[in-house]
Amino acid sequence: MEKEISTFNPSKEDLVLLLAKRSMQAHQVWARGYETCKQNTAGVIYLRGLAEISNICGKDCYYCGIRKSNEAVERYTMCKEDILLAAAQAHKNNLGSITLQSGEVKSPDFTNFAEEIIKEIKMNFPDLKIVLSFGEQSKDTYKLWKAAGADRYLLKIETTSQRLYSMLHPQNVTHSLEKRKKALAALKETGYQVGSGIMVGLPGQNLSDIANDILFFKEIDMDMAGIGPYIEHSQTPLAGNEEIPPEETRLVLTLNTIAALRIAMPSINIAAATSLDALNKYGKEMAVSAGANVIMINLTPEGHRKNYRLYERGLDELDKNVLAQLESYGEKIAYGAGGDSLHFINRTRLSF
Ligand code: SAH
């Protein structure tokens, strides 16, 4: 007989069972992820604009195309006017929120530049929620940006396994799993709506690793997640690794992870990461069918996109079709909604 797996509190063993499903049984897990999503969130799909404001990065992650040592990349930082234009586009298209993402730069210049941009976006578009994804920064910087008007922060842990983390990064103080965990704690203490996430299908990653990641997300009581498959980028050291799972496996495992995370944390926001589109042109729709409730729409100007390639292959032009497609399946798109995670609303609700 099938073992009963609890929504809200699956054990590590339960999570591994869910993650291991294939073919028809995997479809059943995705359907459960989808149902759990509909029952425990607002039941609608939220939209997020994405502006990749700079590809300058001080880190050298072995998987990432914009790593510091990749000299083939032309580096850019969008000017203030262009970033405001992207925000205007998000506003005009009723996306409800905008994510500003960049490589990791820790400098007073960047800190001040970002602060200024956040303030201007808030001043011009007070209803547009601002999500930052600028990597690990000091608590003071996080506080400064929050005070300027930022609402949410996305910092993916990438993996909570020390074994994998060491394989994915150079061994030095700049690349430390412990420091990344501390940054997530600092974000939470600062009052952000906090998002994290992992890459699925990393070479050497097993189901127990992913189950531990999900339990970590429960432990830190995260509000939102970005879950996507690992995709090779030929200008990175990891690309040639012989243990990278086949694409099919990475796709199924990513959908299983979205569903398992949804079952473990029913009211959080889960975004269909853009990297899913690189594996399948219906990647985002499939993510929604497994329990994701947020779709990212790329607003980075065309001229810069070719230089912000974290991985190779990207089908951003499908963004427009995906919404029509989802609506044709009967999904309700929440145009113009800020899309706060219900988990966040519940955990911060004032009690009298
Ligand atoms: N500098 C920021 C933003 C990083 S880029 C930070 O450190 O948080 C955003 C995300 O892209 C990363 O968190 C990672 O999960 C994802 N990413 C990078 N390279 C990738 C690859 N090769 N395949 C899939 N996802 C990748």
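Only a predicted model underlies this, so the values are computations on that prediction, with no experimental measurement involved. Order of listing sets the numbers, starting from 1, for every ligand and every atom in it.
The immediate protein surroundings of ligand 1, defined as residues with any heavy atom under 4.0 Å of it, consist of Tyr63, Cys64, Gln101, Ser102, Gly103, Glu104, Ser133, Gly135, Leu155, Lys156, Glu158, Arg180, Met199, Pro229, Tyr230, Ile231, Leu310, Tyr311.
With 3.5 Å as the limit, one finds no donor-acceptor pair spanning the side chains of Thr174 and Lys59. Side chains of Tyr308 and Gln101: a donor-acceptor N/O pair is present below 3.5 angstrom, by distance only. Gln235 and Asn70 share a donor-acceptor pair across their side chains, judged by distance under 3.5 Å alone.
Relative orientation of the Trp145 and Tyr153 rings is parallel, given thresholds of 30° and 60° on the angle between their planes.
Of the inter-residue distances, the one linking Ser133 atom OG with Leu50 atom CG reads 8.5 Å to the nearest 0.5 angstrom.
When side chains are defined from C-beta on, Val73 counts as touching Arg75, because their heavy atoms get closer than 4.5 Å.
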